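For reference, the structure is listed below as structure tokens.
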Protein chains: 2
Amino acid sequence: MQYTKSTGYALHALIHLAQKDSGQYVGIKELSAALVVSESYLSKIMSKLRQDGIVRAVTGASGGYELARSADRITFLDVIQVVEGRQHLYECFHGEESTPDAIYDMDSEECLVKKVMIGAEMHLHSYLEQHTIQGVLDAAAQRGSRAGNKKA
Amino acid sequence: MQYTKSTGYALHALIHLAQKDSGQYVGIKELSAALVVSESYLSKIMSKLRQDGIVRAVTGASGGYELARSADRITFLDVIQVVEGRQHLYECFHGEESTPDAIYDMDSEECLVKKVMIGAEMHLHSYLEQHTIQGVLDAAAQRGSRAGNKKA
DNA sequence: TTCATTATGGATCGTTAATATCCATAATAG
DNA sequence: CTATTATGGATATTAACGATCCATAATGAA
């Protein structure tokens, strides 16, 4: 039970983009160099982020990526759900979905173990929803301003 | 990012055991029949639970498993950590710890992303710690006594 | 237009984790 | 002694993850 590397790459790529001005496109070359990951692999992840409307992409010379909305409106949950998929923490009958969205209906005659797990999921999501890309930048700025111990 | 089937089996097996009296051993045959899973597979999971002191096992004729402590002191977190392992939700440097390159260390974002994830993990664990096997039994009893609105 | 640049999507491949089974062994009640 | 029952090792199968390559389309610039 661990988030994949892809989620880490996605978060860091977005943090990188968030440090640029709007309209300033960043190519996959710069991103992959910054994150120390291959262009081909990272481009798959960026493509997912684009399909989900988290970044915009422009092909062709001097093209690249930029955030599709401000960094304070991109939450950890947004990113995680795009990259990891929107599976539930626990499924009673692994492999098949019974109801589309009635999964959060606590009154249905569902497995009691699942009820506990749905609660866990909601707690987790609630936390991840409250943390944004901008939040990380703010924390970094705070850290940077503290007693000039910049370089490690 | 989903708990494995094994976790589901473990939780249901413990719920089954919790419904028996102390000193009443339950064999793998009964358990696997109740959960609709093979004996050989479930026995691996039970063995883990035993190694971690969650159940006791007695070999030989009329042997089997029983809870090693009361059901209200076996939390979801206990079970999950035994079956899933105690990995973190997120690792900065998945697997390896090298990459002294870390050029993108400009703001030490790596640790900041992890900091958010550690917070998420703590929230999740806090919730899972507060839910026990006994809690599920209690919920089941309540549901059973609500004679009437069984089906929505 | 032509060319270099850049993202996209399909196909593929190796590695690892999860799922699952079988068997030999050890322990124990009767 | 024998039937029963858990244990641990070995192994096979499947699915997910991590990663790469290539053909294609879109775009800015010469």
Side-chain angles (χ1 to χ4, degrees), chain A residues 1-10 12-13 17 23-33 35-66 68 80 82-87 90-91 93-96, chain B residues 1-10 13 17 23-33 35-66 68 80 82-87 90-91 93-96 99:
Chain A
M1 242 289 288
Q2 199 175 273
Y3 289 123
T4 61
K5 289 186 181 184
S6 292
T7 287
Y9 293 143
H12 284 294
L17 292 183
Q24 189 179 353
Y25 291 101
V26 179
I28 198 69
K29 273 194 172 62
E30 178 177 333
L31 279 176
S32 66
L35 308 194
V36 194
V37 60
S38 78
E39 299 177 24
S40 50
Y41 188 46
L42 185 58
S43 68
K44 300 288 187 198
I45 298 167
M46 296 309 295
S47 196
K48 269 193 190 176
L49 293 174
R50 182 195 61 95
Q51 285 170 46
D52 223 80
I54 291 179
V55 302
R56 267 190 293 270
V58 172
T59 59
S62 76
Y65 303 95
E66 68 169 354
I80 287 168
V82 169
V83 179
E84 303 277 332
R86 286 174 174 77
Q87 339 170 6
Y90 176 83
E91 294 293 337
F93 303 104
H94 283 258
E96 32 188 297
Chain B
M1 243 287 291
Q2 199 175 271
Y3 289 123
T4 61
K5 289 186 181 184
S6 293
T7 287
Y9 293 144
L17 292 183
Q24 190 179 353
Y25 291 101
V26 178
I28 198 70
K29 273 194 172 61
E30 177 177 333
L31 280 177
S32 66
L35 308 194
V36 194
V37 59
S38 78
E39 300 178 22
S40 51
Y41 189 47
L42 184 58
S43 68
K44 300 288 187 197
I45 298 167
M46 296 309 295
S47 195
K48 269 193 190 174
L49 293 173
R50 183 195 61 93
Q51 286 170 46
D52 224 78
I54 291 179
V55 301
R56 266 189 294 271
V58 171
T59 60
S62 76
Y65 303 95
E66 68 170 354
I80 287 168
V82 169
V83 179
E84 303 277 333
R86 287 174 173 76
Q87 348 169 8
Y90 177 82
E91 293 293 338
F93 303 104
H94 283 259
E96 309 303 324
T99 50

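This is a predicted model, so every value here is computed, not measured. Labels below follow one simple rule: chain letters A, B, ... track the order of the sequence lines, proteins then strands, and each chain is numbered from 1.
Taking side-chain N and O atoms only, B:Tyr3 has no distance below 4.0 Å to OP1 or OP2 of C:dA17. A sub-4.0 Å separation between OP1 or OP2 of D:dT7 and a side-chain N or O of B:Lys48 is absent. Residue B:Thr4 places at least one side-chain N or O closer than 4.0 Å to OP1 or OP2 of C:dT19. When the side-chain nitrogen and oxygen atoms of B:Lys5 are compared with OP1 and OP2 of C:dA20, one or more of them lie within a distance under 4.0 Å. Remark: A:Tyr41 is not in phosphate contact with D:dT20, judged by side-chain N or O atoms under 4.0 Å from OP1 or OP2. Taking 4.0 angstrom as the limit, B:Tyr65 places a side-chain polar atom (N or O) nearer than this to OP1 or OP2 of D:dT7.
In summary, the side chains of A:Ser6 and A:Tyr41 do present a donor paired with an acceptor at a separation below 3.5 Å, with no hydrogens or angles considered.
Listed by first then second residue, pairs satisfying side-chain hydrogen bond (donor to acceptor under 3.5 Å, both in side chains) with a partner in residues 53-62 of chain B read B:Arg56-B:Glu66, not counting sequence neighbours.
One finds the OH atom of B:Tyr25 at 11.5 Å from the CG atom of B:Leu17 (value rounded to the nearest 0.5 Å). Note that OG1 of B:Thr7 and CE of A:Met1 are 9.0 Å apart. Values are rounded to the nearest 0.5 Å. In this structure, NZ in B:Lys5 is found 13.0 Å from CG in B:Leu35, a value given to the nearest 0.5 Å.
Distance B:Leu42 CG to C:dA20 C1': 12 Å, rounded to the nearest Å. Between the CD atom of B:Glu30 and the C1' atom of D:dT4 there is a distance of 15 Å, given to the nearest Å. What separates CD1 of A:Ile28 from C1' of D:dT20 is a distance of 14 Å, to the nearest Å. D:dA15 atom P lies 17 Å from atom CD of A:Glu91, rounded to whole Å. Atom-to-atom, CE of A:Met1 to P of C:dA17 comes out at 16 Å; the value is rounded to the nearest Å. Distance CZ (B:Arg56) to C1' (C:dA27): 18 Å, rounded to an integer number of Å. As rounded to whole Å, 12 Å separates atom P of D:dT7 from atom CG of B:Leu31. Atom-to-atom, CD of A:Glu39 to P of D:dT20 comes out at 10 Å; the value is rounded to the nearest Å.
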Distances under 3.5 Å between nitrogen or oxygen atoms of protein and nucleotides 8-11 of chain D:
residue: D:dG8; atom: OP2; partner: B:Ser47; partner atom: OG; Å: 2.8
residue: D:dG8; atom: OP2; partner: B:Gln51; partner atom: NE2; Å: 3.4
residue: D:dG8; atom: N7; partner: B:Lys44; partner atom: NZ; Å: 3.3
residue: D:dG9; atom: N7; partner: B:Lys44; partner atom: NZ; Å: 3.2
residue: D:dG9; atom: O6; partner: B:Lys44; partner atom: NZ; Å: 2.2

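Each of B:Leu49, B:Ile54, B:Leu31, B:Val58 was checked for a side chain to side chain contact (heavy atoms under 4.5 Å, CB included) with B:Tyr65, and the lone residue meeting it is B:Leu31.
Looking at heavy-atom distances under 4.0 Å, A:Ser38 makes contact with sugar-phosphate atoms alone, never a base. Contact annotation for B:Ser40: base contact, defined as any heavy-atom pair under 4.0 Å involving a base atom. Looking at heavy-atom distances under 4.0 Å, A:Val58 makes contact with sugar-phosphate atoms alone, never a base.
Under the 4.5 Å side-chain criterion, counting only non-hydrogen atoms from C-beta, B:Lys44 is not in contact with B:Ser40. Looking at B:Asp52 and B:Lys48, their side chains never come closer than 4.5 Å, going by heavy atoms from C-beta outward.
The residue among B:Ser62 and A:Glu84 whose nearest nucleotide of DNA chain D is located toward the 5' end is B:Ser62.
Distance from the side chain of B:Ser6 is smallest to C:dT19 among C:dT8, D:dT5, C:dT19. For B:Thr59, whose side chain is taken as the heavy atoms from C-beta onward, the closest listed nucleotide among C:dA27, D:dA19, C:dA29 is C:dA27.
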